[in-house]
Every structure is written in structure tokens, then in C-alpha cells.
Amino acid sequence: GTKKYSVAILIPKKDKKTLGAITAAIAAAAEEGKTSKFGGKIPPTLKKPLRDGDEEKPDDENYAGMMFLNASSVRRPGVVDQELNDIMDKDEFYSGCWGKASLNFYAFSVSGNKGIAAGLNNVMKLEEGDNLGGGGSSAAADFGDDLI
């Protein structure tokens, strides 16, 4: 399939301001999609991107007390620090960093599935965090045993 850039965004449940903004953006996308994607009516089973980490990932301590969503883009997102300097080193922005994300929410209707998706625009690193893993392995680790 088409290659994508993606990020899992974890939001503490106590961050009511951010969660309120996301909920409002999802509702606006659903309202906009009512005529363009949903045939004039918002489906009662509409898939939404914001999910509860305690319910959906109870065995993953990283999701405890968090809401989460996955956002993606076929375009490489901008990745910057707090001074808006591009972060070019892939090891500088890793799974576990705290940051901000610029997202766009949009309606979709594909093969009977109807919902709201999160598009990834840009990210800003705010501070270091515990590395959550999932960043893949190094080329040396993958191919080190294959040397002739």
C-alpha cells in the first residue's frame, strides 16, 4: 500500500483543555461529513479516532490514564523543536517524547466503514520522555549477522 508517516498520540485524561479541543474538532468533522460522506445523517456507529487507553490497551502501562489517537499522513510532517528549528536526527524525536501536534480531522466512508480520521500535519518536541520503544532496530542489528 501507500507508505505513510504516523504517530500514536497519548493525551493524559486530566488534560481537559486538549481533550475538549479534540472532541470539538471531531464533532465538526462529523457535521461536515454528514452531507459529503454520510448521506445526510451521522451514523450512530461512527468510528472516532479518540480512544480510551485504559479500556483498549489495559495491558500496556504507557496507556494507563491516557486517551489516545493515531494520526497519519502520506506527506512527511514537519518536526521542530521549541525554537522552530527542524529536527533532522531521527534519534532526537522518539517514541516517548512530549510534544504538540498539528492535526486535521476529516470524515471517511470506505467499504461500509464510516468515521472520522486524524491527519498528521506537523509535530513540535517539547521535552524528553521515557523511551517507549517501538522505534525499530538499527541497520547494524538487522544485518550484522549477514556479513560475508
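As the structure is a prediction and not an experimental result, all values here were calculated from the model.
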query: Just checking, any donor-acceptor pair under 3.5 angstrom between side chains of Asn121 and Ser102?
result: yes
field: side-chain hydrogen bond (donor to acceptor under 3.5 Å, both in side chains) evaluation trace for Glu128 with Tyr94
entry: CA-CA 9 Å; Glu128 301 285 323; Tyr94 53 88; 2.5 Å; yes
query: Any link between Ile11 and Leu120 through a network of hydrophobic side chains (Ile, Leu, Val, Met, Phe, Trp, Tyr) touching at under 4.5 Å?
result: yes
- prompt: Do the non-hydrogen side-chain atoms of Val7 and Asn70 ever get within less than 4.5 Å of each other?
  reply: no
Shortest non-hydrogen contact from Ala29 toward Phe105: CB-O, 3.6 Å
query: Shortest non-hydrogen contact from Tyr106 to Gly119?
result: CE2-N, 3.8 Å
message: Tell me if the CD atom of Glu61 is crowded by more than 12 foreign heavy atoms within 6.0 Å.
response: no
query: Is it true that Leu46 and Leu103 fall in one hydrophobic cluster, defined by side-chain heavy atoms closer than 4.5 Å?
result: yes
- prompt: Do Ile22 and Tyr63 belong together in a cluster built from hydrophobic side chains that touch within less than 4.5 Å?
  reply: no
task: Mind checking the NZ-NZ spacing from Lys125 to Lys100? Nearest 0.5 Å is all I need.
output: 15.5 Å
- request: Work out which heavy atom in Lys114 is nearest to a heavy atom in Pro43; give both atom names and the distance.
  value: CD-CG, 3.8 Å
Side chain to side chain contact (heavy atoms under 4.5 Å, CB included) evaluation trace for Phe68 with Asp60: CA-CA 12 Å; Phe68 75 99; Asp60 189 334; over 6 Å; no
- line: Rounding to 0.5 Å, atoms CG (Leu19) and NZ (Lys14) come to a distance of 12.0 Å
field: Chi angles and distances behind the side chain to side chain contact (heavy atoms under 4.5 Å, CB included) call for Leu50, Ile116
entry: CA-CA 9 Å; Leu50 187 62; Ile116 306 300; over 6 Å; no
- request: Could you check Leu69 against Leu10 for side chain to side chain contact (heavy atoms under 4.5 Å, CB included), going step by step and ending with a plain yes or no?
  value: CA-CA 7 Å; Leu69 61 84; Leu10 283 66; over 6 Å; no
- prompt: Backbone N or O of Gly96 within a donor-acceptor pair of the Asn131 side chain at under 3.5 Å?
  reply: no
task: For the residue pair Tyr5 and Ser72, establish whether any side-chain heavy-atom pair is separated by less than 4.5 Å.
output: no
task: Please report the closest heavy-atom contact between Ile87 and Arg76, naming both atoms and the distance.
output: O-NH2, 4.3 Å
Pairwise distance CZ(Phe38) to CD(Glu31) - rounded to 0.5 angstrom: 10.5 Å
- request: Can you measure from CE (Met66) to CD (Glu56) and round to the nearest 0.5 angstrom?
  value: 15.5 Å
task: Would you please test Val79 and Asn122 for side chain to side chain contact (heavy atoms under 4.5 Å, CB included) and show each step?
output: CA-CA 6 Å; Val79 181; Asn122 299 293; over 6 Å; no
- prompt: So does Lys13 pair up with Asp52, basic N to acidic O under 4.0 Å?
  reply: yes
query: Do Ile42 and Ile26 belong to the same hydrophobic cluster, where Ile, Leu, Val, Met, Phe, Trp and Tyr are linked whenever their side-chain heavy atoms lie under 4.5 Å apart, directly or via other members?
result: yes
- prompt: Do Met124 and Leu84 have side-chain heavy atoms sitting under 4.5 Å apart?
  reply: yes
- prompt: With the 4.5 Å side-chain cut-off for hydrophobic clustering, are Val80 and Leu126 part of the same group?
  reply: yes
